[in-house]
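None of these values were measured; they are calculated from a predicted model.
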Amino acid sequence: MGADYMLTRLIPATTSESRTAIVTTVQDRSTSWIDATLEALRGKGHRDGSARRTVIELLGRQDCCVTAQEIFDDLRIEGTPVGIASIYRTLEQLTREGFVQRIDVGAGISRFEPLHADGEHHHHLVCDSCGKVEAFADDQLERALRKVEGRTGYSVAGHDVVLRGACRDCVEAQ
């Protein structure tokens, strides 16, 4: 698939969240991340286990970060049950080996999303009331972070920004 390929995906509501289904259009980079990750793991001598492959394929289809429980629930809904312990082991391995980023959103909750080789990424808004997580990108923020790197002399390998507050729905409900 080329860089211009667009995928329209229905993100279903899950039993663990009270959200409605969302229809979104995203650039499909999932296949390249999935293939590159599986190939790199094989190159490191890891066997191609079905649980690991299934988790990697699901992660590659995500637009934003997900919890281990959301992965478990989504795979069960798809009819591909994978044990929660296998999901946690896979996420730990993928994080340790640099394929996945762990994002701590507070309240002891970790979310996970693919790290792309080209460095493209986004940041996260977290609602402290309902737990909703939304992605955002901001070119001015990225420039400001590069300026900090220049002023401090640090060679920053990566960063993640998590902004906490109340989402529009929760603000309106108050």
Side-chain angles (χ1 to χ4, degrees), residues 1 5 7 9-22 24 26-137 155-164:
M1 289 182 206
Y5 180 78
L7 171 70
R9 178 173 41 216
L10 175 67
I11 303 171
T14 64
T15 56
S16 64
E17 293 182 83
S18 59
R19 66 178 184 192
T20 57
I22 303 167
T24 179
V26 295
Q27 187 172 1
D28 185 14
R29 298 183 328 145
S30 65
T31 302
S32 60
W33 180 83
I34 293 166
D35 292 343
T37 301
L38 290 170
E39 182 61 33
L41 290 171
R42 279 191 293 272
K44 292 180 176 198
H46 298 290
R47 52 187 187 96
D48 199 9
S50 65
R52 181 183 300 122
R53 172 182 283 279
T54 301
V55 170
I56 289 169
E57 288 173 350
L58 185 130
L59 277 170
R61 296 190 311 261
Q62 301 305 305
D63 296 326
C64 197
C65 53
V66 292
T67 65
Q69 185 66 49
E70 289 169 338
I71 292 170
F72 178 81
D73 293 342
D74 288 350
L75 291 174
R76 194 176 58 194
I77 288 167
E78 291 177 4
T80 313
V82 173
I84 193 76
S86 294
I87 292 169
Y88 276 109
R89 277 193 302 274
T90 299
L91 291 171
E92 276 302 316
Q93 177 188 23
L94 294 172
T95 301
R96 185 177 55 251
E97 296 196 22
F99 299 109
V100 168
Q101 176 179 0
R102 176 194 312 267
I103 299 156
D104 295 313
V105 295
I109 298 171
S110 292
R111 292 175 119 7
F112 302 86
E113 67 186 0
L115 281 171
H116 294 282
D118 62 8
E120 186 177 324
H121 66 283
H122 57 253
H123 303 291
H124 302 91
L125 298 162
V126 178
C127 180
D128 291 327
S129 297
C130 70
K132 182 188 330 183
V133 177
E134 295 184 66
F136 77 94
S155 175
V156 176
H159 64 270
D160 61 281
V161 175
V162 177
L163 302 178
R164 291 178 178 79

For [X], side-chain contact (heavy atoms from CB on, under 4.5 Å) partners two or more places apart:
X    : answer
D128 : R164
R47  : none
E39  : R42
A40  : F99

What's the spacing between [X] [atom1] and [Y] [atom2] if we round to 0.5 Å?
X    : Y    : atom1 : atom2 : result
D160 : L115 : CG    : CG    : 9.5 Å
I56  : D35  : CD1   : CG    : 10.5 Å
L59  : F112 : CG    : CZ    : 9.0 Å
T90  : Q93  : OG1   : CD    : 6.5 Å
Q69  : I87  : CD    : CD1   : 8.0 Å

Do [X] and [Y] have side chains that get closer than 4.5 Å, going by heavy atoms?
X   : Y    : value
E78 : L58  : yes
R52 : L41  : yes
T37 : V100 : no
Q62 : R111 : no
C64 : E134 : no
I71 : L91  : yes

- Note on the structure: Sorted by chain and residue number, the salt bridge (charged side-chain N to carboxylate O under 4.0 Å, His left out) partners of R53 (sequence neighbours excluded) come out as D48, E57
[X] versus [Y], closest heavy-atom pair with distance:
X    : Y    : value
W33  : P114 : CE2-CB, 3.3 Å
E113 : C65  : OE1-N, 3.1 Å
V161 : H159 : CG2-CD2, 4.3 Å

- Sequence neighbours excluded, the answer for ring-ring contact (aromatic ring centres under 6.0 Å, His included) partners of F136 is H123
Those residues that, when tested against [X], pass side chain to side chain donor-acceptor pair (under 3.5 Å) (two or more places apart):
X    : result
S86  : R89
D104 : S110
Q101 : none

- Message: Pair I109, V126 - check side chain to side chain contact (heavy atoms under 4.5 Å, CB included), show working.
- Response: CA-CA 11 Å; I109 298 171; V126 178; over 6 Å; no
